[in-house]
2 protein chains.
Amino acid sequence: MKMTLEEIARLAGVSRSTVSRVINDDPNVNDTTRERVWQVVKANDFHPNTAARALAGRRSRVIGLVIPQALNAIFADPYFPLLIQGSAAACDERGYYLMLSLVLRQADDTFRWLIRARHMDGLLVASALAEDTFLTRLLDEHFPLVLVGRSPAHADITTVDVDNVHGASMAVRHLAQMGYSRIATITGPTNMVAALDRREGYLRGLQAMGIEASAGYMQAGDWSEGSGTQAMERLLRVTPRPDAVFVASDNMAVGALKAARAAGLRVPEDIAVVGFDDIGPAATAEPPLTTVRQPIDQLGYLAASTLIEQLESAPAAETDRAAQHIVLPTELVVRASCGQALRPAANYAAMQRVPSEGGVTYSQA
Amino acid sequence: MKMTLEEIARLAGVSRSTVSRVINDDPNVNDTTRERVWQVVKANDFHPNTAARALAGRRSRVIGLVIPQALNAIFADPYFPLLIQGSAAACDERGYYLMLSLVLRQADDTFRWLIRARHMDGLLVASALAEDTFLTRLLDEHFPLVLVGRSPAHADITTVDVDNVHGASMAVRHLAQMGYSRIATITGPTNMVAALDRREGYLRGLQAMGIEASAGYMQAGDWSEGSGTQAMERLLRVTPRPDAVFVASDNMAVGALKAARAAGLRVPEDIAVVGFDDIGPAATAEPPLTTVRQPIDQLGYLAASTLIEQLESAPAAETDRAAQHIVLPTELVVRASCGQALRPAANYAAMQRVPSEGGVTYSQA
DNA sequence: TGTGCGCGTGGGAGCGCTCCCAACGGCTAT
DNA sequence: ATAGCCGTTGGGAGCGCTCCCACGCGCACA
């Protein structure tokens with residue numbers, strides 16, 4: 001038996017409209033009626049037809065997650081699974097569908113297509129690039145979207161990001177406090193905002209501790225383990241040799257660890273290492289990696305929630321209202337690779353976790 | 001200006017119906033008319049409203065890809081990105097949308113929901129488990145679906161799979177031909193069909209070469225690199241020590257290589273290794289890994305194409321027709337880890353690639 | 001000149017919802 | 001007693017398509 005609103009209405013002895021109100025949580029329904037209708041809905045395992053809802057209601061309840069990067073790059077990085085998980089959870093909670101938009105065809109085409117066909121109500125864009133023509137294009141279409149990460153070029157768009165600058169700075173200050181003074185860094189690709197922000201944090205951390213920065217102490221990788229190894233090899237050839245390295249991702253840090261070991265250096269006795277991410281391998285690395293934890297799943301969750309909220313509140317095409325900028329705090333997770341274990345235990349306990357001050361920060365653009 | 005079929009029709013001086021025929025490639029349209037309508041459609045960048053099409057046409061043109069596994073497991077494995085890529089390409093070509101169904105909520109709920117709400121026309125299920133209650137449930141709903149991989153429990157369902165048995169057998173026979181006789185294997189998790197099939201191929205390969213199998217020579221891993229290392233360590237303690245190992249995945253093979261190196265053994269002089277997958281790390285491993293290549297992207301492509309074909313041809317709910325079983329060939333890619341490089345170059349060239357006989361195999365259930 | 005047929009085309013009737021307005025008591029305010 | 005209002009409810013009018021039937025035309029046939 002094909003179920004429709006009308007059929008449920010008949011069974012419950014009410015009208016189509018009332019059933020519609022019930023399944024949409026409209027408050028204007030008598031409690032007794034509401035209860036009775038719910039009974040019938042559940043008894044028949046009724047689910048309103050998505051297409052009909054979308055057509056009549058002019059919204060599909062589908063939001064897209066766009067990752068403008070090569071697919072293999074996406075999946076190699078543990079960042080995205082977590083981001084997806086978080087966004088999916090938020091969608092699930094609010095009755096939305098999350099659609100991963102794999103950018104296969106010509107980018108322009110894809111989006112005009114998705115947008116024109118009204119297939120999605122809004123977009124989550126996980127653009128990592130500092131310069132993204134994509135984003136510009138989407139903004140031109142006035143399509144509701146939330147950016148995961150920030151975009152220096154567009155202040156007028158709602159973003160959700162982790163506090164990369166502060167996290168990196170924290171890591172560097174911690175190293176300095178441990179007594180290291182020749183602190184180098186391995187950065188991510190310099191066309192990515194997060195990589196630039198972490199480098200900025202590194203520089204600020206040095207400055208805060210009164211340490212002078214040196215160009216030779218900054219080597220770029222591409223987030224991959226291998227690139228971390230290579231960058232580390234380069235750093236080890238610099239004179240004077242660094243005694244500590246802040247690595248902008250755990251993956252690269254693991255690679256750096258290998259390079260140090262291959263060079264016959266002990267970590268953290270000869271050289272300390274701090275990573276960024278706090279993903280799986282960090283805790284089991286040899287030695288366990290001190291790292292800056294970023295709440296990636298929360299990032300996804302918040303991004304999706306924010307977008308949905310925006311969609312539900314927007315009276316019309318009034319999408320271009322004040323952009324929100326949400327920044328999530330990062331946290332320093334101290335393990336062995338930063339040399340703290342070499343110090344008194346009392347001190348260790350006190351500094352085990354250094355949360356970034358501020359917590360969730362909301363600000364208006 | 002909000003574009004609709006009607007509006008395009010007006011601009012092209014024809015009726016709504018004719019425009020509909022044009023955008024749906026209906027042959028019953030005069031070529032001149034068709035051309036004129038296309039012009040207008042393109043000039044206005046018109047895309048038919050998805051919801052309206054879905055409602056009127058009773059199909060959404062969305063197919064789901066379900067991977068009933070933990071999300072991190074999905075993404076850690078390079079198998080899935082490729083599968084997704086292939087499926088997405090097929091969907092793209094035929095005007096379908098691919099929706100990744102992240103199984104977050106209670107499995108039962110999710111599917112009843114997706115199915116009842118008519119949100120998807122069909123499902124691609126990448127179930128790896130030998131016993132999957134999920135699948136049973138979906139079959140009970142008579143929902144159109146194609147299984148990626150095979151399911152020993154359900155012969156009545158269309159499947160697309162690679163020839164794991166033959167691939168594994170090929171690898172083992174190759175090792176035997178290279179002169180190795182104490183051939184061990186590292187299998188995948190024994191509750192997964194692909195792992196069982198590869199083990200079966202291992203056994204058949206031994207049998208074909210007149211080598212007796214021994215239980216001690218079979219160690220299970222979980223596809224991860226670490227588990228490969230551990231399984232290899234176990235194998236190296238067996239007496240007599242194996243002189244060759246067929247490893248059921250490249251990831252595990254890389255781990256096995258590390259264990260061998262750690263034990264002071266040379267590969268392939270002291271012990272040969274052959275992997276399975278031919279993913280990125282295989283070619284760059286030390287030594288380069290001889291492996292069985294499986295065309296994962298083709299697998300995805302074919303699975304999606306098959307499902308779409310089934311959807312478009314099915315006159316009605318007549319989904320339960322003869323199930324197809326498509327099997328894709330695997331191919332042995334010879335590199336250094338199998339010891340062939342130790343032999344005369346002439347021989348090497350001749351055996352560089354040993355494709356499985358048969359190519360694509362279609363059979364009716 | 002009439003009949004039959006196929007091609008190309010137009011328009012009606014929905015698909016299953018949401019949105020909006022009207023209607024119906026039962027109240028309180030005048 | 002009459003007007004006005006609120007909490008509930010019902011039903012009409014679409015949303016933008018697809019599907020199907022009917023219509024008009026030119027042609028070959030008798």
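So that the names make sense, note that chain A is the first sequence line, chain B the second, and so on, each numbered from 1. Source: prediction; values computed, not measured. Note: hydrogens, waters and symmetry copies are ignored here, and every other heavy atom, side chains too, is used.
Residues B:Ala9 and B:Arg16 approach most closely at CB-N, 3.5 Å, considering heavy atoms. Nearest heavy atoms, A:Ala303 versus A:Leu124: O-CD1, 3.7 Å.
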message: Under the criterion side-chain contact (heavy atoms from CB on, under 4.5 Å), I'd like the reasoning laid out for A:Ile326 against A:Thr306: C-alpha separation, chi angles, the key distance, then a yes or no.
response: CA-CA 9 Å; A:Ile326 302 178; A:Thr306 307; 3.7 Å; yes

task: For the pair A:Ile157 and A:Val146, evaluate side-chain contact (heavy atoms from CB on, under 4.5 Å) and give the outcome as yes or no after the intermediate values.
output: CA-CA 7 Å; A:Ile157 160 180; A:Val146 165; over 6 Å; no

field: CA sep, side-chain torsions, deciding dist, call: B:Leu311, B:Ile63, side-chain contact (heavy atoms from CB on, under 4.5 Å)
entry: CA-CA 10 Å; B:Leu311 291 174; B:Ile63 68 178; 3.9 Å; yes

- request: Would you check, one step at a time, whether the test side-chain hydrogen bond (donor to acceptor under 3.5 Å, both in side chains) holds for B:Asn24 with B:Arg53?
  value: CA-CA 11 Å; B:Asn24 287 298; B:Arg53 292 187 105 175; 2.7 Å; yes

message: Run B:Thr136 and B:His154 through side-chain contact (heavy atoms from CB on, under 4.5 Å) and show every step you take.
response: CA-CA 8 Å; B:Thr136 316; B:His154 305 280; 3.5 Å; yes

message: Show, in sequence, the C-alpha distance, side-chain angles and deciding distance for B:Glu7 and B:Lys2, and conclude whether the salt bridge (charged side-chain N to carboxylate O under 4.0 Å, His left out) test is met.
response: CA-CA 9 Å; B:Glu7 181 63 12; B:Lys2 184 180 50 186; over 6 Å; no

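Taking every nucleotide of DNA chain C with any atom under 4.0 Å from a non-hydrogen atom of chain B, the first and last of them, 5' to 3', are C:dG8 to C:dG16.
B:Met3 pairs in a side-chain contact (heavy atoms from CB on, under 4.5 Å) with only one of the listed residues (B:Val40, B:Asn44, B:Asn49), which is B:Asn44.
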message: Please convert DNA chain C into dot-bracket. A pair counts if it is Watson-Crick or G-U wobble with both distances under 3.5 Å; crossing pairs go in [ ] and bases paired with another strand get |.
response: ||||||||||||||||||||||||||||||

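At distances below 3.5 Å, at least one donor-acceptor pair connects side-chain atoms of B:Thr158 with backbone N or O atoms of B:Gln324. In this structure, B:Ser60 contributes its side chain and B:His119 its backbone to a donor-acceptor pair below 3.5 Å.
Within residues 55-63 of chain A, the residues approached by DNA chain D to less than 4.0 Å at the level of any non-hydrogen atom are A:Leu55, A:Ala56, A:Arg58, in residue-number order. A heavy atom lying under 4.0 Å from DNA chain D marks the following residues of residues 23-43 of chain B, by number: B:Asn24.
Counting non-hydrogen atoms under 4.0 angstrom, A:Ser17 reaches a base of the nucleic acid.
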Sub-3.5 Å pairs of nitrogen or oxygen atoms, protein against nucleotides 24-28 of chain D:
none

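Residue order along DNA chain D, read from the 5' end via each residue's closest nucleotide, puts B:Ala52 first among B:Arg21 and B:Ala52.
Side-chain contact check for A:Asp45 and A:His47: at least one donor-acceptor pair (N or O, by modelled atom type) lies under 3.5 Å. The closest side-chain donor-acceptor pair between B:Tyr301 and B:Gln85, if any, does not fall under 3.5 angstrom.
Counting only heavy atoms from C-beta outward, the side chains of A:Asp121 and A:Val62 never approach each other to under 4.5 Å.
For the side chain to side chain contact (heavy atoms under 4.5 Å, CB included) test, residues two or more places apart in sequence or in another chain that qualify with B:Thr33 are B:Val14, B:Thr18, B:Val29, B:Asn30, B:Arg36, B:Val37.
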